[in-house]
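Written out below as structure tokens is the structure these notes cover.
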2 protein chains.
Amino acid sequence: MANRNLKENKDTEKLILDAAREVFIRKGFDGARMQEIADEAGINKALLHYYFRSKQKLFDTIFLEAFKDFWPSIESSTNNGKGTVKDLIKSAVDAYMDLLLKMPFLPSFVVGEINRSPERIQELLQASGIRPDFVLEVIKRGIEKREVIAIDPRDLIINIVGLSLFPFISRPVLSRMFFASEEEYMEFLASRRNSVYEFVCRSVLVEYQS
Amino acid sequence: MANRNLKENKDTEKLILDAAREVFIRKGFDGARMQEIADEAGINKALLHYYFRSKQKLFDTIFLEAFKDFWPSIESSTNNGKGTVKDLIKSAVDAYMDLLLKMPFLPSFVVGEINRSPERIQELLQASGIRPDFVLEVIKRGIEKREVIAIDPRDLIINIVGLSLFPFISRPVLSRMFFASEEEYMEFLASRRNSVYEFVCRSVLVEYQS
DNA sequence: AATACATTTGACCAAATGGTTAAATCAAAT
DNA sequence: ATTTGATTTAACCATTTGGTCAAATGTATT
């Protein structure tokens with residue numbers, strides 16, 4: 001029985017999720033309208049409630065998915081704790097650039113919604129399975145090995161992530177403040193793949209110091 | 001006639017603005033309710049519309065004010081283009097720290113709302129009178145004087161601002177990811193006044209290089 | 001063909017929300 | 001005391017919005 005049903009089922013569900021992602025990311029939870037999601041998916045509004053019981057449930061699905069997208073990239077770049085910090089920096093910056101050039105509005109969406117209901121972060125961190133310990137460990141070993149200067153590992157991570165994310169989070173302002181067009185700004189963002197990498201290396205790698 | 005009226009007038013207006021700022025910053029435009037603002041101000045809802053004709057008008061007032069708060073601090077730290085880049089870095093980081101320790105939710109509010117309606121940035125930049133040229137000029141001269149390594153001035157500015165703002169923008173996530181309590185995170189943020197300063201100096205100042 | 005089951009839809013509802021209005025209140029000027 | 005003008009309020013309105021439901025439409029199994 002289920003063969004055709006299952007296929008159609010998946011199709012419709014994906015249709016809804018794609019539409020919901022689009023609308024939620026653009027407008028946020030409060031700004032998003034179930035009707036708009038239905039229109040975007042080309043289906044009836046009641047069908048949304050058939051697949052996902054409420055706006056909140058639908059949103060949660062989208063949001064967890066978006067949240068998960070953030071960290072794994074950097075996680076996988078630690079080579080199970082064996083790699084150098086230099087490699088870690090390169091992999092992390094690259095991973096974020098790859099991710100964000102594809103999904104430029106992911107950061108401001110996630111940040112904005114987390115700020116809207118910060119009480120749910122605990123469960124989110126748990127549900128997403130994010131574990132920053134690996135990265136912290138790599139940095140600690142790098143410091144012991146004198147590859148990296150003495151620095152709070154948390155500072156270093158936050159700096160790397162911040163330098164990567166911030167130009168995307170503040171894209172609308174920055175592009176108009178410092179650039180002639182969106183295209184020019186996109187070029188600039190792409191060039192930061194190297195400039196951020198070097199900026200960080202110069203600051204924390206022993207081999208770059210006197 | 002106007003003496004008492006004027007005073008009451010100003011009082012009520014300030015009451016409304018304070019309440020509106022509170023609610024808008026916490027919930028954003030879409031999430032904010034006129035009723036909640038009225039309650040927070042301890043007045044009637046219709047009075048909001050008497051002072052500010054619409055939700056949009058009230059919001060615009062709050063938002064322009066918030067937007068203005070962002071840049072002037074760094075502007076004034078350039079000493080009319082005479083100072084060193086080293087001083088600029090210190091002043092900028094300090095200025096942002098001072099601002100953000102007082103108003104931690106300003107960045108995510110501004111960033112979120114700008115993202116909601118990016119088409120209005122042009123007029124915002126104009127209305128706020130923000131002019132980044134001063135800062136760019138100081139950096140350019142710093143490069144000519146061999147105080148600073150060869151770097152795109154826009155990269156440097158964006159890095160400084162990003163390193164300062166990002167930990168506040170992502171505060172809810174970062175504090176739970178890397179710290180045991182909010183208090184511990186606040187201490188960490190305060191300590192970044194120095195660590196960010198040094199992080200940047202090591203990376204771009206010639207005197208810190210080999 | 002008939003049954004059983006999941007899927008889809010149009011019509012509808014109750015609550016919330018931004019906004020309006022006419023009346024009431026109040027302080028100052030005459 | 002009365003008038004005048006701004007300020008404040010309670011009651012109300014139109015619209016929007018998330019959500020429901022019974023009926024309709026498939027689709028596979030018997």
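Order of the sequence lines fixes the chain letters, A, B, ..., with proteins taken first and strands second; residue numbering starts at 1 for each chain.
A/Phe52 has its CZ atom 15 Å from the C1' atom of C/dT7, to the nearest Å. Going from atom CG of A/Leu47 over to atom C1' of C/dT8 covers 6 Å, rounded to whole Å. If you measure from atom CG of A/Leu48 to atom P of D/dT17, you get 14 Å, rounded to the nearest angstrom. Residue B/Ile43 contributes atom CD1, which lies 16 Å from atom C1' of C/dT25 at whole-angstrom precision.
Between B/Glu36 and B/Arg26 there is a salt bridge, with a side-chain nitrogen of the basic residue lying less than 4.0 Å from a carboxylate oxygen of the acidic one. Using a 4.0 Å cut-off between a side-chain N of Lys or Arg and a carboxylate O of Asp or Glu, B/Lys140 and B/Asp133 do not qualify as a salt bridge. Under 4.0 Å is where a charged nitrogen must lie from a carboxylate oxygen, and between A/Lys68 and A/Glu65 no such pair does. In this structure, A/Lys102 does not pair ionically with A/Asp98, as no charged nitrogen and carboxylate oxygen lie closer than 4.0 Å.
Outside the 6.0 Å centre-distance limit, the rings of B/Phe24 and B/Phe109 are not counted as a close aromatic pair. Outside the 6.0 Å centre-distance limit, the rings of A/Phe166 and B/Phe166 are not counted as a close aromatic pair.
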Determine, for nucleotides 16-21 of chain C in 5'-to-3' order, which nucleotides have protein heavy atoms under 4.0 Å from the base (write B), from only the sugar-phosphate (write S), or from neither (write -). -SBBBB

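Taking only side-chain nitrogens and oxygens, B/Tyr50 never comes nearer than 4.0 Å to OP1 or OP2 of D/dT8. An OP1 or OP2 oxygen of C/dT8 is reached within less than 4.0 angstrom by a side-chain nitrogen or oxygen of A/Thr12.
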